Number of protein chains: 2
Amino acid sequence: MNIGEIARRAGVSRSTVSYALSGKRPVAAATARRINEVIAELGYRPNASARALAEGRTRTLALVIPPASRRLTNVQLDFVATVVEAAAAHDLDVLLSPSGGDHDRSFERIVTGRRVDGVIMMEILLDDPRVTRLRQNELPFVTIGHVEHPGGSWWVDVDYAALVRRCVHHLADLAHRHVVLINRSAELVAAGYGPAVRSTAGFQEAAEQRGLSAHVVCCADEPAAGLACFEQIRARRPEVTAVVTINEAALPGLQRALHRAGLVVPRDFSITGVIADRLAEDFHPPLTAADVPAEEMARLAVDLLVERIADPAADPRHALLDPVISLRSSTGARPAR
Amino acid sequence: MNIGEIARRAGVSRSTVSYALSGKRPVAAATARRINEVIAELGYRPNASARALAEGRTRTLALVIPPASRRLTNVQLDFVATVVEAAAAHDLDVLLSPSGGDHDRSFERIVTGRRVDGVIMMEILLDDPRVTRLRQNELPFVTIGHVEHPGGSWWVDVDYAALVRRCVHHLADLAHRHVVLINRSAELVAAGYGPAVRSTAGFQEAAEQRGLSAHVVCCADEPAAGLACFEQIRARRPEVTAVVTINEAALPGLQRALHRAGLVVPRDFSITGVIADRLAEDFHPPLTAADVPAEEMARLAVDLLVERIADPAADPRHALLDPVISLRSSTGARPAR
DNA sequence: TTGTAGGCGTTATCAC
DNA sequence: GTGATAACGCCTACAA
């Protein structure tokens, strides 16, 4: 059933039905009522494809996520859920595209098939082919994370470098001298994944400034890896008294390793880093850490995208969030030996 | 740029371009080459909306997920990721719809706006208004989980009742006499969430059959709730020596509670249930449990849906998976007291 | 206040 | 082997 059918039954023309629906032109109250009755009775809804074709917009956003094979982390999941919710608040639907590199069918379909009005991309690399690809297109997009040279693009991110720097200063203030950064996986670092690279930089910078002995270790996004990683640190560098981490998925393993080693936090060992509040609070003891405000970021990304779609000529905007470090109970003075 | 532009530049008609693209009609080799050159040069891609309008299908699936406010669990996340991936393998895009009840804008848009060729729904209630809604529509759908009277609908599910029954028998075989089921949240049970209700039934049935004293407690999907829940069990029913659980999110809390109570698993206490392999293996000690094969289920759901879309008259099909319980190290004989 | 008609970009049915 | 041309269902000037 289509708009013509409604028009016929209501005894009006198709345009009148269309206008009654959109409100872009006044319609006599009586006519409108008749139309609405017919619509309600038949449960009519305009065909989305036809509307998109005529209007030149799809009322749909794309969200580009990492391929499923690489298991999503909790933070990524929060991004997805919140983006979808925020989009729904604007009456926009969300199309998911699991895309890795640049030669991706799903990604190409979306970018080039005018299937969506705009794109949100997450898990951005410093030099990201998808960003390059989107730039040469006229399709509006916003990234969660940012490339090395964001130029005129739109993005939201957390200032990992600053946060990790601050963590190091905090540990230095507590008299720790030997610290380690437990980073994300080596593959991510090698691929130039922003948070992993920027955290390393911030870590080394602050450590040097405070004269600390500092080392960075990569750790896969899994509990088991966290455990192995910590045990290796203990074995190779027994002098280390504190770690900074941005690896949430490894946390349970870290917890177990601490327990196995008989270490009491923060008496014997300090832990801090960039960890979503929810996880930080579930740690034992609760982690002194900077939050990754995934929901705020996702909401912001959607709002920016909506704005950019509405006004394609608008000046580029971005937001570099710098959440405060919440002092909880996982950091303390360097243990006296 | 559109198909007409390509046709003009290649010196042919639009239909020829269309056929060259679809291969539904032979095209002279020379013509085809010329057309492809122009297409490559201009980077042309057919407009998805126009194509959908003309073809009467969108090459898009909808995945209905729980609203973001209710935080997704790991298993749900696996469903989402795998559905998207499996759909991509069929060159289908996936539209996400976060929907709770029946009065949901996003859900209505999708169901009624002919935005998709089919729908996959998850987190099904025994009496689910969304299933009812979809049934009166001609839109093909498959559910992950199943309603109480699935009649002629298409679905995939895990046989929670059978699995939990088997867990109870396993514990009874180990001489346990007092057992508890740690279920999902009270709200989910009250809402008639399939796995929660069916697990309860299977638990009680098997316990009665084996003459065990059996109690069911609800537990929110959070580590903290798991901890509180276990401590309450210990306080109120000290005679309990084993639990069965289907609540994955509560697991870390359970782990901590066990540790706090100074209980060694399985020497002092046994744990089993329906838990995804990945999580079961990360527990300490690894859990004897039945897997929730989320990926298999999601892949199956997509395959069924594709099949149903291709042949709307096909007989209804479903799959009730019955994974085996993997014997790991979390269950042992009832401790002698 | 309402109707007519053209266009959005494809696909598909006729002809030739 | 190829070209007109009519759908597909909606939106929106332009007229009345």
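Numbers restart at 1 for each chain; the letters A, B, ... are given by sequence-line order, proteins then strands. This is a predicted model, so every value here is computed, not measured.
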Comparing Pro26(B) with Leu53(B), nearest DNA chain D nucleotide closer to 5' gives the residue Pro26(B)
Picking from dG9(D), dA4(D), dT12(D), the nucleotide nearest the side-chain atoms of Ala54(A) would be dG9(D)
To the nearest angstrom, the CD1-C1' distance between Ile3(B) and dT5(D) comes to 14 Å
Glu55(A) CD to dT12(D) C1', in whole Å, measures 10 Å
note: Arg114(B), atom CZ; dC10(D), atom C1'; distance rounded to Å ~ 11 Å
Leu21(A) CG to dT12(D) P, in whole Å, measures 12 Å
Hey, is the side chain of Arg8(B) pairing donor to acceptor with the base of dG3(D) inside 3.5 Å?
-> no
Cut-off 3.5 Å, side chains only: do His90(B) and Asp303(B) have a donor facing an acceptor? yes
**Report entry** Geometric cation-pi criterion, Arg308(A) with Phe141(A): 6.0 Å, 45°
**Finding:** yes
| task | Assign Ser22(A) to base, sugar-phosphate, or nothing according to its heavy-atom contacts below 4.0 angstrom with the strands shown. | result | nothing
Of dT2(D), dT12(D), dC14(D), the nucleotide closest to the side chain of Arg25(A) is dC14(D)
**Item:** Presence of salt bridge, Glu41(A) and Arg9(A), under 4.0 angstrom
**Value:** no
With heavy atoms under 4.0 Å as the rule, sort Gly113(B) into base, sugar-phosphate or nothing.
nothing
Quiz item: Are the side chains of Glu85(A) and Glu295(A) in touch, meaning some heavy atoms are under 4.5 Å apart?
Solution: no
Whichever of Val27(B) and Ala50(B) has the more 5' nearest nucleotide on DNA chain D, that residue is Val27(B)
When rounded to whole Å, the OH to P distance for the pair Tyr19(A) and dC14(D) reads 11 Å
Rounded to whole Å, CD1 of Ile35(B) lies from P of dG1(D) at a distance of 13 Å
If each end axis of the helix from dT1(C)-dA16(D) to dC16(C)-dG1(D) is fitted on five C1' pair positions, the angle between them, to 10 degrees, is 40°
To the nearest 0.5 Å, atom CD of Glu123(B) lies from atom CD1 of Ile144(B) at 9.0 Å
Checklist line | Validation row: Pro140(A), Leu305(A) side chains within 4.5 angstrom (heavy atoms) | finding: yes
Glu5(A) atom CD is separated from dC8(D) atom C1', nearest whole Å, by 16 Å
Arg51(A) CZ to dC8(D) C1', in whole Å, measures 16 Å
Checklist entry - With distance as the sole test, does Asp78(A) use its side chain to make a donor-acceptor pair with the main-chain N or O of Val75(A) at under 3.5 Å? => result no
Of the candidates dC8(D), dG9(D), dT12(D), the side chain of Ser18(A) sits closest to dT12(D)
With a 4.0 Å cut-off (strictly under) to non-hydrogen atoms of chain B, the first and last hit nts on DNA chain C, 5' to 3', are dG9(C) to dC14(C)
Between Arg14(A) and Tyr44(B), the residue closer to the 5' end of DNA chain C by nearest nucleotide is Arg14(A)
(Q) What contact category does Ser15(B) fall into here, base, sugar-phosphate, or nothing, at under 4.0 angstrom with non-hydrogen atoms? (A) base
Rounded to the nearest 0.5 angstrom, the OG-CZ distance for Ser99(A) and Arg133(A) is 11.5 Å
Next item on the list: Would you mind classifying the nucleic acid contact of Arg45(B) as base, sugar-phosphate or nothing, using non-hydrogen atoms under 4.0 angstrom?
Entry: sugar-phosphate
Rounding to 0.5 Å, atoms NZ (Lys24(B)) and OG (Ser18(B)) come to a distance of 8.0 Å
Of dA13(D), dT12(D), dG9(D), the nucleotide closest to the side chain of Asn2(A) is dG9(D)
Margin query: Does atom CZ (Arg34(B)) have a neighbourhood of more than 12 heavy atoms from anything else shown, all under 6.0 Å?
Written below: yes
